[in-house]
Structure formats: structure tokens, C-alpha cells
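Have a look at the structure below, then the notes.
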There are 2 protein chains.
Amino acid sequence: MKVRNTIKEMAGYRAGREEGQIRMDKNESPFALPEELKDEVIGRLSKLELNRYPDQLGEPLRSKLGAHLGLSSDKLVLGNGSDELITYITQLFRGDRIVIAPPTFSVYGIYGEIAGYDVTEVPLDGSFELQTGKITEDLDGVAAVFLCSPNNPTGNVVPRDELIRILETGTPVVLDEAYWEFAGETNVDLIDEYDNLIVLRTFSKAFGLAGARVGYAVGAEDTIEELLKVKLPYNLNSLSRTAAEVLLDNYGIVEERIGRIVEERERIRGEFEEYAFPSRANFLLMDLDAAEYLEDNGIGVRAFGPPLEDKIRVTVGRKEENDEFIEVMRRYLEDEID
Amino acid sequence: MKVRNTIKEMAGYRAGREEGQIRMDKNESPFALPEELKDEVIGRLSKLELNRYPDQLGEPLRSKLGAHLGLSSDKLVLGNGSDELITYITQLFRGDRIVIAPPTFSVYGIYGEIAGYDVTEVPLDGSFELQTGKITEDLDGVAAVFLCSPNNPTGNVVPRDELIRILETGTPVVLDEAYWEFAGETNVDLIDEYDNLIVLRTFSKAFGLAGARVGYAVGAEDTIEELLKVKLPYNLNSLSRTAAEVLLDNYGIVEERIGRIVEERERIRGEFEEYAFPSRANFLLMDLDAAEYLEDNGIGVRAFGPPLEDKIRVTVGRKEENDEFIEVMRRYLEDEID
């Protein structure tokens, strides 16, 4: 087979998770849909004409989302998760390389490479801060700079003035705000000033719809128009779109749950302040090599390769799950550290 | 904005369809889910944990589909429609161009271009037959040849020996069998002999699930392994996957409906034999410039640019829709032609 070397050399799939584990490994929402919302979703799903292709733009979700965000829906593109939108954006701009700031979400680099770009890494510094000067000093041939705020897996946000410094260069910037609801701060308003900014958002985290795969991009109308051209005509299925609509129509529940996650995040951090980095997301990066111990005790967390090989990323769970996590971690610290 | 020229020069979106029309424009299934299946879908959907990411490989659908097709699930990749799989495949193989045989499904060429390949067109001849000799005479630098059988929009199949001639060159061949169920013949068995063959299939046509967006690729295990590497980890959402499972579990209904479509296709063709090309799919290409007339009479069909600017593609509908189509077309032939 004449497969491209870029792809041949890529690693295969990573394994799934074990049954019955407390799942703190994927930054999902720990909350199932409340029964009344489930009924509403089911009621609306049963009215769909599944034999017909979905609306090409994802209406009426797109309009509903525009209204929710207080912006024209012409500034929005819906995707099969924001992952799909990343694959489009890596192919949108002129250039022969993209810039990423690891440790960060791996999809930017992987799909940049698949799209045939070189991937320039400008790592975060020792305090996980962006090296903005290093990024801006050489942007020749850069198709896009990918940033994540709050950053997965470090949990800190990109300071607004640093973002603006990069935007001022005119280079396209993709700002992934998958976790923004847990930080309560966004830079999405900058799309009105900078048409080189695309902000990514998702229904997979705060909205608790990871299984439905719905993400979106926000940008200036001209930018979005170009992105729509590369989007597959029927990329968002009718079922997922409908589920997202119900959540938007019931945003109060989403908001309340965001509050609970933030509260629990701070509670866990308070318990392990010595080890847990501050976080503005729904997870905590912890300076403890405890993944195996946790796994043996029925709790799945995320472990990493270098430079985070001695750390874990712990997704904030429901209160009772967090209680269990705290208990197991206390035992770990007694058994393994002392 | 530093958007790539390839994309800047692309056309924008085409408009949707009008409300209340008889929809014979998109090669969808005209049949809604029967009530008992709808209940089964809804029942299974209500058990999903939507806050959790879907299975990365689309299990249990993938295994179920393997069993249905009588092949190992290691030979299958599921996609968000086969469209998504096309975007991956255009990026999978070494080369700097792809070959297409127009008139054919436009997505191969568009996503080939987006992926940065040149697109070499080797048009079908005057009888819509593949010019196999022309295709095989120059395959230097070709990443993949894209074929569609039955071909959209001409309706004829690629002869097996012609396909084999191309496969024998060793060049990767993508054979889109989106409509194979209506032809009742497939070349999927050739994957065992040729690891340069990828066959695309879909749940959007015979299965009547266009709104769910589920497609799949079949190939040799080694080929599928490489394709899995470029697939987004969570490309198939849980809701759509579940709907497809229900249809597979009730394949008898699908089969019965395929029979009805084929029967109706032949009935329409019999009525307009002078104008309708033979078809092995769920649509008929007709040598009549009647799109506007039909539209004015409440029937949507597909019109084309050159070289098919004086033809229409008519998706076979339900019996009563086809009756209406036949009646309007008879009037058209009286009014416009005589």
C-alpha cells in the first residue's frame, strides 16, 4: 500500500476504558441528562424525518445558538464536534506550517500533520505560560497558531493581552475555548476586531453532550464564509443537533451544573493544594504519578508521556465520585509518598 | 485573511429545498421509519449516556455490521457519513493527484482539491462508460482513483473486469457503493485480493438514515488500520450509531423497501423509456430539461451544470409520489415538447 509516510509512522489507537470505573479521564461532564430533559430530547427526536438529509447549516440550532450568544448566526459554523472543525481549519489558510504550544490538546498537531503541514512547537514555559515572544518572532509561512484556553491539560488561560499580541501580527489564530464555561471568561468578542481569529467551542463539556458530538466555531462573517466552503454539506446529523437544541433551551440547568463543577474543582484542589496546579477548567493537573494506583482502585484518570510523565489529569466528577477520589488519593499519599 | 486560493475560488453554498415539495432531488429513501422501529430506536436512544464520549470504533455497530456482511470487523471503519471517510481517504495515500471520472459524485474532486491534490478528470464516454484504458495509461503520482458504482448521477455500474484492470496497476482505488443495494451486485469481495481497494457504503440510501449520517469503508485489514489512524477518535456519535444498529437488526424491512424502490424505478423508466437512461440505483437520469417545470409543479429534482445541463436526476419516491411525478411529466411532454 502506498500510504503516506506521515500516516504510516503515526501510532495506532489507544485502548478504551474499563467497565465500572469512576471515569475521570476524558474531561466529560459527570452528569447524565435530567429525566425531564431526556424526555424532551426523546420527544423531539421522535419527530425527525431520519430518511432526509439534515439541514446543511444545522438549523435551527445555528440560529438558536446565535441568539444564545448574542451574535449573528453568520458568525457560526457547527461541526461534528469541534474536532471536525479543527480538521477543516488546518486546511483553510495559506502557509506550510502551523504553530502549537504544548503540552496542549493533541488534535491540532496530529491533524496539522495529516493535512501536510509542518508542526512548529513553541512549548509553554516552566509555569505553563505561553512564550508569546517566541511565537511572534517567527511567523513566516505559518498557516495558523493553535491555542487552547483554558488549556488542556494545564488548566490555565491564555491572557487576553498575549492573545492580542499574536492577533496583531495578522496570522490566523485558532483559540479553542472548549472549557471556557468553567473559567467564566472568553475572548470571543475579539472576532469583531480581528478577522484572523477563530474561536472553537463545544457541547461536549459544560453541556454534557460528548456522546452527541456537537461543536462550533465563531469568527468574523468573511472567515466563517470561507470555513463553510470546506465544511462537508451534511456534517451535523439531525439527532445530535436536536439534542443540543434542547440543552440550549434549558440553559439554566447547564449553568447550575457549571457552578457545581467549579465548586468541586476548588474543593479537590483545596485537599491537594501542594500537588494540584490552579485550574480554570473542569479538570485538575496534579503533580503526582498516581494513575496506576488510582486505576487499581477503580478510578480512571489521564496519564501522559513527556514532559508530563509524572503527572495526572483528573476530571472533576460528581460529589460522591470526588469523595471517593479524595479518599483514594489520601491513601496513595500515605502509602506511596511517606 | 490569508485563506488558500483553492478555497477562495470555490463556490459558496447551494440553497436548500422548498417546503411542501415532493423531494426527488437528493437520492434519499422516501420511506420514514415504520412506527415500531421508531419506538425501538427511541427506546435504545433513551438508554445512552450522552455525557460520555462515544466508542472510538463505533461499537457495537461495527461488530454487528461485520456479522451482517460476513466479514471481520477489522475490515471496517465507520464514518460520519461516507463523506467524512472520503475526506480521510483523500489524505491517506502517497501522490500529488487523484483521478475522478465525471460526471460523478462531486465530493471526491472537491475534497481532493481541499487536501491539496490536483484532480485529473477522465470523463465517462458518450455512453457513460468508464474509459479504463485512459485511466490506466497514466497513473504516475496518482494517490487514488475514485469510482462510483452504481454511478451518481448516471446510474450505471462499473464492470467488474474494468475495476480489476485498474486494481491490477496497484494504484489505490476507492469504489463508492452508496447505491449498491439497488443494483444487487457488489465488488466488495475483491478487498481480499486487492489491498489497494477501499469500498464505501452508507446508511443514507437503502437504510433510510440520511439524517443520521452513518457511512462505512471496507478494505483489507492493513488498509483499514491506516485509515483508522487518520480517523478522528470520536467521529461517530452515539445517537446515530444506535439508530443504524436498529436498522441492521431489522434488515428485513430494509430489504423489502429496496424491492419496492427497484420496482418503482422500473415502472417510471417504462413510462419514459425514450428519455430515461437505464439505472441500477434509486434514481433515474433523464434526458429532459424539466427541472423548472417540475419545481413549478411542486416536485424537486436535481439539475446539473455541463455536461448534463439538459438533464435531470429523479430520485425514486413512494408509489403515490411517483404517480404524481409521472402525471406532471406527461403534462410536461405534452406542453413543452410537442
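Within every chain, numbering begins at 1; the chains are lettered A, B, ... in the order of the sequence lines, protein sequences first and strands thereafter. Worth saying up front: this structure is predicted, and the values here are computed from it rather than measured.
If you take CG on A:Leu50 and CG on B:Leu239, they are separated by 10.0 Å, rounding to the nearest 0.5 Å.
Listed for the B:Tyr111 side chain is a donor-acceptor partner under 3.5 Å among the backbone atoms of A:Leu232. Of the possible donor and acceptor atoms, one in the side chain of B:Arg94 sits under 3.5 Å from a partner among the backbone N and O of A:Val3. Formation of a donor-acceptor pair under 3.5 Å by the A:Lys229 side chain with backbone atoms of B:Met10 is found in this model. Side-chain atoms of A:Arg52 never come within 3.5 Å of backbone atoms of B:Glu28 as a donor-acceptor pair (strictly under, hydrogens ignored). Looking only at distances, a side-chain donor or acceptor of B:Asn51 sits under 3.5 Å from a matching main-chain atom of A:Ser29. Without hydrogens or angle criteria, A:Arg213 side chain to B:Tyr234 main chain gives a donor-acceptor distance under 3.5 Å.
The candidate from B:Gly81, B:Pro172, B:Gly116, B:Ser204 with the greatest count of non-hydrogen atom pairs under 4.5 Å with chain A is B:Ser204. Counting heavy-atom pairs closer than 4.5 Å to chain A, the top-ranked of the candidates B:Thr171, B:Ile86, B:Asn80 is B:Asn80.
Residues B:Glu84 and A:Asn235 have side chains not in contact (no heavy-atom distance under 4.5 Å, counting atoms from C-beta outward). Between A:Ile7 and B:Leu92, the closest side-chain pair of non-hydrogen atoms falls below 4.5 Å. Within the 4.5 Å cutoff, the side chain of B:Glu226 has no heavy atoms near those of the A:Arg4 side chain.
Only the side chain of B:Lys205 comes within less than 4.5 Å of a heavy atom of chain A; its backbone N, CA, C and O stay farther away. Looking at A:Leu33, the atoms closer than 4.5 Å to chain B (heavy atoms on both sides) all sit in the side chain, from C-beta outward. Of the two parts of B:Lys38, only the side chain, counted from C-beta on, holds a non-hydrogen atom closer than 4.5 Å to a non-hydrogen atom of chain A. Proximity to chain A is absent for every atom of B:Thr6, based on heavy atoms less than 4.5 angstrom apart. Proximity to chain B (any heavy atom under 4.5 Å) is restricted, for A:Thr87, to the side chain, taken from C-beta onward. For a residue to count as touching a neighbouring chain, one of its non-hydrogen atoms must lie under 4.5 Å from one of that chain's; by this rule A:Tyr53 touches chain B with backbone and side chain alike.
Taking 4.0 Å as the cut-off between side-chain N and carboxylate O, A:Glu49 and B:Arg23 count as a salt-bridged pair.
When all heavy atoms of A:Gly211 and B:Pro54 are compared, the closest pair comes out as CA-CD, 3.9 Å. Between B:Ala212 and A:Asn237, the shortest heavy-atom contact is O-CB, 3.2 Å.
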As a quick check of understanding, evaluate side chain to side chain contact (heavy atoms under 4.5 Å, CB included) for B:Lys2 and A:Asn196, giving each step before the final call.
CA-CA 8 Å; B:Lys2 302 174 174 182; A:Asn196 54 329; over 6 Å; no
